[in-house]
Amino acid sequence: MTLSRQIFDTVIVGGGGSGLRAALQLAEAGHNVAVFSKVFPTRSHTVAAQGGIGASLGNMQEDHWLWHMYDTIKGSDYLGDQDAIEFMCRKAAEVVYELEHFGMPFDRNPDGTIYQRPFGGHTQNFGERAVQRACAAADRTGHAMLHTLYQRNVRARCQFFVEWMALDLIRDYEGAVVGIVALEMETGEVMVFQSKATILATGGAGRIYQSSTNAFINTGDGLGMAARAGIPLEDMEFWQFHPTGVAGAGVLITEGVRGEGGILLNANGERFMERYAPNMKDLASRDVVSRAMDQEIKEGRGVGPERDHVLLKLDHLGAEIINKRLPGIREIALKFAHVDPIREPIPVVPTCHYQMGGIPTNYYGQVVVPRGANPSEPVPGLYAIGECACVSVHGANRLGTNSLLDLLVFGKSAGDHVSEWLKTHPRHRDLPRNAAERSLERLARLDSTAPGERVTDVSADMRRTVQQHAGVFRTGTLLAEGVEKIREVGQRARSTTIDDKSRVFNTARIEALELENLAIVAEATLVSAQAREESRGAHAREDFKERDDKNWLKHSLWYLDGSRLDYKPVNLQPLTVESFEPKIRVY
Amino acid sequence: MESGTRERERLRWRSRRGLLEMDLILQRFLDRHLATLSVEDTQAYDALLDLPDNDFLDLVMGRAAPADDTLGQVLEKIRQS
Ligand SMILES: Cc1cc2nc3c(=O)[nH]c(=O)nc-3n(C[C@H](O)[C@H](O)[C@H](O)COP(=O)(O)OP(=O)(O)OC[C@H]3O[C@@H](n4cnc5c(N)ncnc54)[C@H](O)[C@@H]3O)c2cc1C
C-alpha cells in the first residue's frame, strides 16, 4: 500500500513548551518546520505548570548559576549529567529574558524586575539558606508560556498539524531517522512525513500511574515510538511523586502553597516535616517530602477513615493571602476535595507527577545510544527534548521549576543544532521500502474483527499494577511481582479490540494506540526499578535503603527488544567548573 | 445518525485537555450527557471547547461569567456533573 507523503526540513512531534521553543528557533532561522500535536498546541500539558521557571536572576536576593547548578545536582542525587546541568543553569537567565522579550507576562517587583518566588530545594551559597528563584506568571506560568510561544510561531510561519497523532519513527537501513508516520484524526488518513531531522517533544507518560497529576494525553507516545525503533529508554525507574495531589483525584496543589507558608500535618496534628528535614522543613525537595508523607501513612499516622492521606494546612495564612497569592487553590480544594482551605486542611497524597527518565540525549538534544565503545553515539536525524527526553539534568529527582527551564534551554539548543545539521545535510535521505509497515500493522489489528479485551479494562489494570508495585516505597518482592504482571498487561495491550471501526475522530482507536505506548513505558519502569538495588532520589527501595555509588552511579538503559537492560556512566564532568562529588543528601 | 455520532466523537476527542482538572470534569459531563445533548447544547459545548483550558476552568469554577449567555445552560450541566 502506498501512502501519500509530505516533505519538510524538520518534523517536530509535540506542540508543548519544548516543541514550540524548538520550532520557533528553526522557523525564525528560515527553515520549514512541521509541528504535530494530538491536541491544539496551547492545550498541551505544559498549560498545567503553575509554579514557575527556575533561573538565578538574583532579583530578590543574591543568586548565582553555580548555586542553581549545585541545587540541581544535589536534587538529582548525583545521577544528573553535570555537563548538561551546567549548560542549563548557565543558559537559564538568557532563556527567561528571551521569553520576557517574546511578551511573557511575568509577575513583577515594584522596581519592574521579574518577581521570583521561593520554591523547594532552591538555596543560596550551596545549601546555606533558601533563595527565591522561581519566575512565574501568577499561577498560569505554563499557560502564559505556551500562548507566548505559539503566537510567536504563528508569526514565524511555522506549519501546524493539529489533531494528528504520530504513530512511528521511520529509520533507514543505516539507522538514520528519516521521518514519521502519522494519523490524521479527522479523516483517519495515514501519511508519511519525510524529514532531514525529527524532534520528539511528546511530553511525559505520567498516566501509567493510577494517582497522577498528568492530563489524559500524557501517554508517552514518543517513548513508545523510540522504543519500537530500537532506541533504549534511560532511567525509567525514576518518577517524581508530587507530595500534594488531592487524595482520590490526583489534582495538583502547587508547591507554591508551601512556598507561601502552607504546612503538612499528620493524624496527631504534628508538623512532621520538622523531624525529617529540620532546615528546609515543608520546603525540602519533593522526594524527601513524598517519602516522609508515605512513611507517616505507613506507620499509621495517616488521616481519614482509611488513614491513607495527610493534611495540608493553610488556613493560618488567612483568606486574603490565599485568595491573592494562590487564587486557584481554594476552588480546586472545593471542587475535588470538597473542603474549604480557608477553614479546613486539604487531604493530600503523594501523586505521580514527573518522569525523570526518557529518550537518551546529549545537551544538543541529539538522541544518543551506545555503539561499540561509545556509550553515547548520536542517532543521525533524531532529537528529543522536554519531558520525553533524558538529558539528564534531573537525574534521580527533578528540582521544582527545572522542567520549564529544561523545555526552553534544550528546545532552543536542539533548534540551533538542527539548523547546523541542515547545513551539512542539505538533502533528504531516501525512505526505506515499507516505511509505514509497522504502523499499518498496528492499525490493521484494530480494524480486524478478531476478539480481544477492552482498552479501558487493560489500561485500568496497567495503572493499578504500576501504582501498587512501583510507587514511592519499593521492595524487591513487590517489584518482581510487578514485572510479571506488567509483562502480562503488555501482551494484553497488544491484543485489545475496539467496537467502533470508523475512521473519523475515533477516540477508541487513539486510546488503543496510546495504551500500547503506555504499556511499553510501564514495563521499562518496572524492569529498570527491579534491577536497581539501591535507593537514590525518587527510587526508594526498602530492601536497599542506601545510595550505592560504587555499583549504581550509572544510568539504566532499557531496550524493548527482549526487555533487556544495559547501563552507561553518569557524566560527572561539568563543562568549565569542577565536578560536584557525590555527597550524602541532607536537607 | 452517523454524522451525529461522528460529531459527538469529535467533541469527545476535543474534551481531551491540557489540565487534568478539565479532563476529570468533562469526562463526568460526557458520561452523563453526551449521548443526549440537544443541537443547541452541542453548539454551545463546541464553543466552550475552543476556550483556553484555564479560561474554561474559570467558567466551570464560577470564577468568571460566560461572555455569551447561550453558553449558560450547558455550562450549568458541566458544573453539576
Ligand atoms: C500539574 C503540573 C504542574 C507543573 N508545574 C511545573 C512548574 O511549575 N515548573 C516546572 O518547571 N515544571 C512544572 N511541571 C512539569 C512541566 O509542566 C512539564 O514537564 C512540561 O510542561 C512538559 O512539556 P513538554 O514540552 O515536554 O510536553 P507537553 O507540554 O506535555 O506537550 C506534549 C506535546 O506532544 C504532543 N504529542 C504527544 N504525543 C503525540 C503524538 N503521538 N502525536 C502528535 N503529538 C503528540 C501533545 O499533543 C503535546 O502538544 C508541571 C507538571 C504538572 C503535571
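FYI, side chains are in, hydrogens and waters are out, and symmetry mates aren't considered; it's all heavy atoms of this structure. From a predicted model like this one, the values you see are computed outputs, not experimental measurements. Protein chains get the first letters and strands the later ones, always in sequence-line order, with residue 1 at the start of each.
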Okay, Phe216(A) and chain B: the region with an atom under 4.5 Å from a heavy atom over there is both

Output for pair (Thr507(A) OG1, Arg16(B) CZ), nearest 0.5 Å, gives 7.0 Å

message: For Arg79(B), is there any backbone N or O sitting under 3.5 Å from a side-chain donor or acceptor partner on Lys335(A)?
response: yes

Item to check | Donor-acceptor contact below 3.5 Å, side chain Trp13(B) vs main chain Lys38(A) | outcome: yes

Leu20(B) and Val251(A) have their tightest heavy-atom pair at CD2-N, 3.8 Å

Okay, Arg207(A) and chain B: the region with an atom under 4.5 Å from a heavy atom over there is side chain

Highest number of heavy-atom pairs under 4.5 Å with chain A among Met22(B), Arg17(B), Gln27(B) belongs to Arg17(B)

Whatever's closer than 4.5 Å to a heavy atom in chain B on Arg43(A) counts as both

Separation between CZ (Phe505(A)) and CZ (Arg6(B)), nearest 0.5 Å, reads 10.0 Å

Okay, Ser212(A) and chain B: the region with an atom under 4.5 Å from a heavy atom over there is backbone

Honestly, the part of Asn506(A) sitting under 4.5 Å from a heavy atom of chain B is both

Listed by number, the residues in residues 145-152 of chain A that come under 4.5 Å of chain B (heavy atom to heavy atom) are His147(A)

So, the part of Leu26(B) with a heavy atom under 4.5 Å from chain A: the answer is neither

Answer key: most heavy-atom pairs under 4.5 Å with chain A among Leu11(B), Asn54(B), Leu19(B), Asp53(B) is Asn54(B)

Is a side-chain donor or acceptor of Asp23(B) paired with a backbone partner of Ala215(A) at a separation under 3.5 angstrom? no

CD1 (Ile332(A)) and CE (Met61(B)) are apart, to the nearest 0.5 Å, by 6.0 Å

- Tell me, with the steps shown, if Phe336(A) and Ile25(B) meet side-chain contact (heavy atoms from CB on, under 4.5 Å). CA-CA 10 Å; Phe336(A) 299 101; Ile25(B) 290 166; 3.8 Å; yes

Between the CZ atom in Arg10(B) and the CD atom in Glu186(A), the distance rounded to the nearest 0.5 Å is 8.0 Å

To the nearest 0.5 Å, atom CD of Glu331(A) lies from atom CG of Leu57(B) at 8.5 Å

Most heavy-atom pairs under 4.5 Å with chain B, out of Thr46(A), Ile217(A), Thr42(A), belong to Ile217(A)

